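Here, residue 1 is the first one in the sequence, and each next residue gets the next number. The structure displayed is predicted, hence computed values, not measured ones. Read the numbers this way: they start at 1 and go in the same order the structure lists the ligands and their atoms. Atoms considered below: every heavy atom in the structure, side chains included; atoms not considered: hydrogens, waters and symmetry mates.
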Amino acid sequence: MTTATATETVKLFVNGDFVKSKATQFSPVYNPSTGDQIAQVPFCSAEETGQIVQAAHDVFPAWRDTPVVERARIMFRLVSLLEKNADDVARIISREHGKTHAESLGSIRRGIEMVEFACGIPTLTMGDTVHNLAQDVDCETYHHPLGVCVGITPFNFPFMVPLWMIPVAITCGNTFVLKPSEKVPLSVMRLAELLQEAGLPPGVFNIVHGDKTCVDTLLKHPLVKAVSFVGSTPIAKYIYETAVQNGKRCQANGGAKNHILIMPDADIDRSVAALQTSAFGCSGQRCMAGSLAVAVGEAGEPVVERLVASADKMKVGPTDRDSGADMGPVITRQHLDGLLANIDQGANEGAKLARDGRSVKVSETPDGFYLGPTIFDHVEPEMHVAKTELFGPVLSVARVKDLDEAINMTNSHPYGNGAVIYTRSGRAAREFKHRAGAGMIGINVGVPAPMAMFPFTGHDASFFGDLHIQGREGIAFYTQQKMIMTRWHDGGGAGEFVTTRG
Ligand code: NAD
């Protein structure tokens, strides 16, 4: 935490205005490519956070009563604004996060898909009807919004993860308060501008910045109805428990250790190319990163050999300029130091360092937070590097004798986000897809992150809640159903309309 400095202080977005926070505590925001501080983000007090919730609550009745097709039209306009501004937004993401320009653009594309999905909400929120369910009784359901919904998001996808939540929540008729990661608060400010330009009325979408004080206020505030969280497992568990204890709906996505199985019959070149992208894309800072490769039988030697050779060719460098880098920095100096300590521990526990990324040199920007692609071979399940989500460009390779051992290894891990198999055998793929204990399965697909119309189905320690983010579950999360049963007696009763049957 810092006190005020000369750098830009990030504003709040409340009731359609960008306003200066009254906070007295701030956190630095870095450009990880250079190591320079580029902004500071305020840590809002409980009082200021509560005022923002109140603002979102005040506009809820008018927004709820805005016809759903009008709400959806704003999303149609947002799609074209996002497409038009994608290049500029990508530059903000790369500067605050360190993704390459292509990675930032890719993340915006996935976000746009969520907005496109929300354009269909008039259809997706249609209820059911049954005529004459009992004598003279008709029954119908409607999907109504909840009220103020809250999103608390991680650093690794500054723009995309908020878009997993906001378009669906607001098009369903809710109002929204976002608490972005304090490490990457800049690109979502641009999203607020674009929402405004698309015609979203003031107060429907708001941004608050802060730490635990701010989050706890959101979790306990009586006017907050639902909480969507994406982040690490310990915080996801805390968020879920606290929100539920305070009577909120909650969906909380946690961390991951995604196993990538490579069978001896797999196309090794394709598998290695996919593994490299999965493990080192976004510098390994992805909840769907393949961070533990499980080489089955004879696959071990060729996989490690070719993986090291292709990782050697990757250019690590700054992403805030056109440097031609294949991989950028990690998020902060502190995170880099943690990764270095984890690599030390892996080596001390006996994992073989097949490629050591610690020696990487980036002469153009030597103070950036860089780690080159790092590969551990002969990793055993009880080692720290196998058990822990490191969240950096560090890939562990375990070697096992057969598919059974590989599936057992996958299933004994506490996380259950993604799992992948590379094989030419339909039989092995079928065995894997039904037995693997993870919510998102890839068969010859390295990063099986679902598109907007499918739910993001983490299991076990990777998810806390009932209804997942995205897809129809996302719609169900942001709406409540009302069932209406109607009887109009033939012949009429007191005050009832009298009909005559033909
Ligand atoms: P994090 O848990 O540290 O932070 C996430 C959010 O929680 C941030 O907004 C942060 O300000 C807030 N927060 C942090 N500590 C808190 C506390 N004690 N009390 C209340 N709020 C707190 O996560 P991160 O480091 O920003 O992101 C990386 C993690 O997110 C990884 O574990 C990654 O796997 C996970 N992730 C999961 C998914 C998924 O869909 N499963 C997607 C993206 C990222």
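Once rounded to the nearest 0.5 Å, the distance linking CD1 of Ile239 with OG of Ser232 reads 9.0 Å.
With ligand atoms numbered from 1 in the order given, ligand 1 contributes 10 (C), 11 (O) to contacts under 4.0 Å with heavy atoms of Glu182. Against a heavy-atom cut-off of under 4.0 Å, Ile152 is close to the following atoms of ligand 1: 6 (C), 7 (O), 9 (O). Close approach to Ser181 involves these atoms of ligand 1, each under 4.0 Å from a residue heavy atom: 9 (O).
Thr7 and Gln40 share no donor-acceptor pair across their side chains, judged by distance under 3.5 Å alone. Side-chain polar atoms of His384 and Thr388 form a donor-acceptor pair below 3.5 angstrom. Neither side chain, Gln245 nor Glu241, offers a donor N or O lying under 3.5 Å from an acceptor on the other. Using modelled atom types and a 3.5 Å distance limit, the side chains of Ser21 and Glu48 yield a donor-acceptor pair. Between the side chains of Glu96 and Ser187, at least one donor-acceptor pair of N or O atoms lies under 3.5 Å. Neither side chain, Ser181 nor Thr153, offers a donor N or O lying under 3.5 Å from an acceptor on the other.
Given atom 21 (N) of ligand 1, the protein heavy atom at minimum distance is Val215 CG2, 3.6 Å. For atom 36 (N) of ligand 1, the closest heavy atom belonging to the protein is Cys287 CB, 3.6 Å. Atom 31 (C) of ligand 1 has its closest protein heavy atom at Glu389 OE1, 3.4 Å. Scanning all protein heavy atoms for the shortest distance to atom 40 (O) of ligand 1 gives Asn253 ND2, 2.9 Å. Closest protein heavy atom to atom 44 (C) of ligand 1: Asn156 OD1, 3.2 Å. Of the protein's non-hydrogen atoms, Phe155 CD2, 3.6 Å is the one closest to atom 24 (P) of ligand 1. When hydrogens are left out, the protein atom nearest atom 19 (N) of ligand 1 is Lys212 CG, 3.5 Å; that is the closest non-hydrogen contact. Closest protein heavy atom to atom 22 (C) of ligand 1: Ile235 CG2, 3.7 Å.
Within the 4.0 Å heavy-atom criterion, the part of Phe456 lying near ligand 1 is the side chain and not the backbone. Neither the backbone nor the side chain of Arg286 comes within contact range of ligand 1; no heavy atom lies under 4.0 Å. Under 4.0 Å from ligand 1, the heavy atoms of Trp164 that appear belong solely to its side chain.
In terms of polar-atom proximity, Tyr238 is not counted as a contact of ligand 1, lacking any N or O under 3.5 Å from an N or O of the ligand. Looking at Thr233 next to ligand 1, no N or O pair under 3.5 Å apart turns up. Residue Asp216 has no nitrogen or oxygen atom sitting less than 3.5 Å from a nitrogen or oxygen atom of ligand 1, judged on distance alone. By the 3.5 Å distance cut-off applied to N or O atoms, Ser462 is not counted among the residues near ligand 1. The shortest N or O to N or O distance between Val161 and ligand 1 is not below 3.5 Å. Ligand 1 has an N or O atom lying under 3.5 Å from an N or O atom of Thr153, backbone or side chain. Residue contacts with ligand 1: Gly254 is placed with a nitrogen or oxygen under 3.5 Å of a nitrogen or oxygen of the ligand (distance criterion only).
Residue His468 forms a ring pair (Phe, Tyr, Trp, His ring centres under 6.0 Å) with just one option from Phe463, Phe454, Phe477, and that option is Phe463. The side-chain hydrogen bond (donor to acceptor under 3.5 Å, both in side chains) test with Asn31 singles out one residue from Thr365, Asp320, Asp36, and that residue is Asp320. For the side-chain contact (heavy atoms from CB on, under 4.5 Å) with Asn258, the qualifying choice from Val447, Val420, Asn417 is Asn417, the only one to do so. Exactly one residue among Asn174, Ile469, Leu124, Ile475 makes a side-chain contact (heavy atoms from CB on, under 4.5 Å) with Val168. That residue is Ile475.
Residue contacts with ligand 1: Gly458 is excluded, as none of its non-hydrogen atoms falls under 4.0 Å. Residue contacts with ligand 1: Phe463 is excluded, as none of its non-hydrogen atoms falls under 4.0 Å. Distances shorter than 4.0 angstrom do not occur between any heavy atom of Phe157 and any atom of ligand 1.
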Do Lys212 and Tyr238 pass the side chain to side chain donor-acceptor pair (under 3.5 Å) test, and can you show the C-alpha distance, the side-chain angles, and the key distance before you say yes or no? CA-CA 11 Å; Lys212 189 168 161 42; Tyr238 167 76; 2.8 Å; yes

Should Asn85 and Arg190 be marked as a side chain to side chain donor-acceptor pair (under 3.5 Å) after you check the CA-CA gap, both sets of side-chain angles, and the distance that decides it? CA-CA 10 Å; Asn85 290 280; Arg190 190 74 189 103; 3.2 Å; yes

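For atom 23 (O) of ligand 1, the nearest non-hydrogen atom from the set Ala256, Gly439, Ser232, Ser291 comes from Ser232.
In terms of modelled atom types and a separation under 3.5 Å, the side chain of Thr49 and the main chain of Cys214 share no donor-acceptor contact.
Annotation: cation-pi geometry satisfied between Lys99 and Phe157 (NZ/CZ under 6.0 angstrom from ring centroid, within 45° of ring axis).
Protein heavy atoms all stay at least 4.0 Å away from atom 4 (O) of ligand 1.
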